[in-house]
S.K.: 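First, the structure itself, so that you have it in front of you.
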Amino acid sequence: MSDILILGIETSCDETAAAVIKNGREILSNTIYSQIDLHTLYGGVVPEIASRKHIDKINQVIEESLRSANVGLKDLDAIAVTYGPGLVGALLVGVAEAKAIAFGTGIPLVGVHHIEGHICANFLAAPELEPPFMCLVVSGGHTHLVNVKDYGEYEILGRTFDDAAGEAFDKVARAIGLGYPGGPKIDKVSNEGNPEAIHFPRAKVGESGYDFSFSGLKSAVLNYLNSCEMKGEEINRADVAASFQQAVVDVLVGNSMDAVKKYGAKKFAIAGGVASNKHLRAAFEDACKAEGVGFFLPPPILCTDNAAMIGCAGYYEFIRGVRSGYDLNAVPNLRLGER
Ligand code: KG4
Ligand code: ZN
């Protein structure tokens, strides 16, 4: 059988990315233009700027990705593009680009769910990984505990009631003056802090026991900072960062391992930007080892937004016969498992 080559395109937030994936599992190229420096100035992603920068960069990023994979458009079997969820103006750039290439060349088009992409990053990192497995997706916009029953078949066991885990990292980082993006900065500064210095709450919400809530934790950190200020006490940023991070890690690991036990999962994976957090990775490694469960985690570059994961997810959709029409549109609130 001849190889199947997929061009992945990702523009849902602040990374303009393209990648070429061979047979679903092999990365031939993974080109990422990160706009983070632009948005740092404003303390967060500015949607209008993100869309404009995607337009500036998308052609260059795709050309670079094809060149470094040594692949021409004529070699491609499909074009996979993130069509949701995400920022509508940002998504539209990738979707319009993918449709234009598909229309101009006749190459099939496959719309991909961004979260499905994050989960599939694990297939790129671990060639031996096959469903079923359980996966925690923790990103700037999502916190989902997902039962991956088969390729493209997902059951959401738990989700956040309010802030996503990454959003909480970003907001707390801003409150303690670390700037954007907060996750990597809290990860780093907490190395010098004591995770037990301040006790922040670990919320239990929902009936399933697998849902999450981070807004109470964020408020507790803000209240702590305010009360220190009012009492004229000095704030130890590293202790606040480490204690906050520990509370997030405890809840993410606690709920996930409860689900692993209840469902008898044999394999557990993490995905999304927050999955590149060193403390979270170490905590899951220990928890899975103690439970005798196989643990899978993509390298940090495949945790944060990239198009390799979109190419991989697109491959599994493509071989199942999924095709999108030229009327494919950006769907900012697309739910996992929906088309
Ligand atoms: O998956 P991603 O790149 O974009 C979304 O789909 O949202 O995730 C970005 C999020 C941001 O909130 C960022 O602060 C967080 O991931 N993040 C981290 C780390 N690296 C990125 N959070 C905690 N620790 C990190 N090392
Ligand atoms: Zn993402």
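Ligands are counted one by one from 1 in listed order, and the atoms in each one are counted from 1 as well. Only heavy atoms go into these numbers, but all of them, side chains included; no hydrogens, no water, no symmetry mates.
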S.K.: When only distance counts, is Asn277 in polar contact with ligand 1, meaning an N/O pair under 3.5 Å?
M.R.: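 Yes.
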
S.K.: Which ligand 1 atoms, with their elements, are less than 4.0 angstrom from a heavy-atom of His114?
M.R.: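 Numbered from 1, ligand 1 contributes 6 (O).
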
S.K.: What residue and heavy atom of the protein are closest to atom 14 (O) of ligand 1, and at what distance?
M.R.: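 That would be Asp170 OD1, 2.7 Å.
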
S.K.: Would you tell me whether Tyr154 and Glu116 have side-chain atoms, one donor and one acceptor, within less than 3.5 Å of each other?
M.R.: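 The answer is yes; a qualifying pair exists.
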
S.K.: I want to know if ligand 1 touches Phe169 in the polar sense, i.e. an N/O pair below 3.5 angstrom.
M.R.: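 Between Phe169 and ligand 1, no N or O pair is found under 3.5 Å apart.
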
S.K.: Within the 4.5 Å heavy-atom criterion, are Leu76 and Leu66 side-chain neighbours or not?
M.R.: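 Yes. Closest side-chain heavy atoms under 4.5 Å.
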
S.K.: Residue-level breakdown please: for His142 versus ligand 1, do any non-hydrogen atoms fall below 4.0 Å on the side chain, on the backbone, on both, or on neither?
M.R.: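 Looking at His142 and ligand 1, no heavy atom falls under 4.0 Å.
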
S.K.: Considering the heavy atoms of Gly140, write down every atom of ligand 1 situated less than 4.0 Å from one of them.
M.R.: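 Heavy-atom distances to Gly140 below 4.0 Å select 5 (C), 7 (O), 8 (O), 9 (C), 10 (C), 12 (O).
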
S.K.: Give the atoms of ligand 1, by number and element, whose distance to some non-hydrogen atom of His118 is under 4.0 Å.
M.R.: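 So the atoms of ligand 1 that pass are 1 (O), 6 (O).
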
S.K.: Using 30° and 60° as the class boundaries, would you call the ring planes of His114 and His118 parallel, tilted or perpendicular?
M.R.: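 The arrangement is perpendicular - the two ring planes meet at more than 60°.
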
S.K.: Pick one of side chain, backbone, both or neither for how Asp187 approaches ligand 1, counting any non-hydrogen atom pair under 4.0 Å.
M.R.: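 Only the side chain of Asp187 comes within reach of ligand 1.
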
S.K.: Side chains of Tyr151 and Glu130: do they bring a donor and an acceptor to under 3.5 Å?
M.R.: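 Their side chains do contain a donor-acceptor pair, which is all the 3.5 Å distance test asks for.
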
S.K.: Check this for me - ligand 1, Thr304, N or O atoms closer than 3.5 angstrom, yes or no?
M.R.: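 Thr304 vs ligand 1: no N/O contact under 3.5 Å.
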
S.K.: Given 3.5 Å as the limit, does a donor-acceptor pair link the side chain of Arg25 with the main chain of Leu124, or not?
M.R.: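 Between the backbone of Leu124 and the side chain of Arg25 there is no qualifying donor-acceptor contact (under 3.5 Å).
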
S.K.: If you measure from atom 17 (N) of ligand 1 to every heavy atom of Ala165, Ser190, Gly273, Ala275, which option wins on shortest distance?
M.R.: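 Minimum heavy-atom distance to atom 17 (N) of ligand 1 goes to Gly273.
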
S.K.: I need the atoms of ligand 1 closer than 4.0 Å to a non-hydrogen atom of Gly141, numbered in the order shown.
M.R.: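 Taking each heavy atom of Gly141 in turn, ligand 1 has 7 (O) under 4.0 Å.
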
S.K.: Going by distance alone, is a donor N or O of one side chain under 3.5 Å from an acceptor N or O of the other, for Ser215 and Asp163?
M.R.: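 Distance-only check fails for Ser215 and Asp163.
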
S.K.: Check whether His113 reaches the backbone of Pro85 with its side chain - one donor and one acceptor, N or O, closer than 3.5 Å.
M.R.: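 Answer holds: no.
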
S.K.: Do the side-chain N and O atoms of Lys278 and Asn191 include a donor-acceptor pair separated by under 3.5 angstrom?
M.R.: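 Not at all, the side chains of Lys278 and Asn191 share no donor-acceptor pair under 3.5 Å.
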
S.K.: Checking contacts here: is it the side chain or the backbone of Asp305 that comes within 4.0 Å of ligand 1, counting heavy atoms only? Could be both or neither.
M.R.: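 Both backbone and side chain.
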
S.K.: Between Glu63 and Asn59, do the side chains contain a donor N or O and an acceptor N or O under 3.5 Å apart?
M.R.: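 Glu63 and Asn59 do not have a side-chain donor-acceptor pair below 3.5 Å.
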
S.K.: If we count only N and O atoms by modelled type, under 3.5 Å, do the side chains of Gln245 and Ser243 hold a donor and an acceptor together?
M.R.: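 No, because no side-chain N or O of Gln245 sits under 3.5 Å from a partner of the opposite role on Ser243.
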
S.K.: Let me check your reading of the structure: within less than 2.8 Å of the Zn ion (ligand 2), is there an N/O/S atom from His118?
M.R.: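 True for His118.
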
S.K.: Could you tell me if any non-hydrogen atom of Pro184 lies under 4.0 Å from any atom of ligand 1?
M.R.: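 Judged by the 4.0 Å heavy-atom criterion, Pro184 does count as contacting ligand 1.
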
S.K.: How far is atom 20 (N) of ligand 1 from its nearest protein heavy atom, and which residue and atom name does that atom have?
M.R.: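 Residue, atom and distance for the closest contact: Ser276 OG, 3.2 Å.
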
S.K.: Can you find an N/O atom of Gly183 closer than 3.5 Å to an N/O atom of ligand 1?
M.R.: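 Among all N and O atoms of Gly183, at least one is under 3.5 Å from an N or O of ligand 1.
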
S.K.: Looking only at N, O or S atoms, which one in Asp305 sits nearest to the Zn ion (ligand 2)?
M.R.: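 Per the distance ranking, Asp305 contributes OD1 as its closest N/O/S atom to the Zn ion (ligand 2).
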
S.K.: Do any of the N, O or S atoms of His114 sit under 2.8 Å from the Zn ion (ligand 2)?
M.R.: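 So His114 counts as coordinating the Zn ion (ligand 2), yes.
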
S.K.: Among protein heavy atoms, which sits nearest to atom 15 (C) of ligand 1, and what does the distance come to when rounded to 0.1 Å?
M.R.: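 Nearest protein contact, heavy atoms only, for atom 15 (C) of ligand 1 is Val274 CG2, 3.9 Å.
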
S.K.: Of all the atoms in ligand 1, which lie at a distance below 4.0 Å from a heavy atom belonging to Gly166?
M.R.: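 So the answer, numbered in order with elements, is 12 (O).
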
S.K.: Once you round to the nearest 0.5 Å, how far does CE of Met230 lie from CG of Leu225?
M.R.: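 Taking CE in Met230 and CG in Leu225, the distance rounds to 12.5 Å.
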
S.K.: When you check the side-chain N and O atoms of Asn194 and Asp239, is any donor under 3.5 Å from an acceptor?
M.R.: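 Side chains of Asn194 and Asp239: no pair found under 3.5 Å.
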
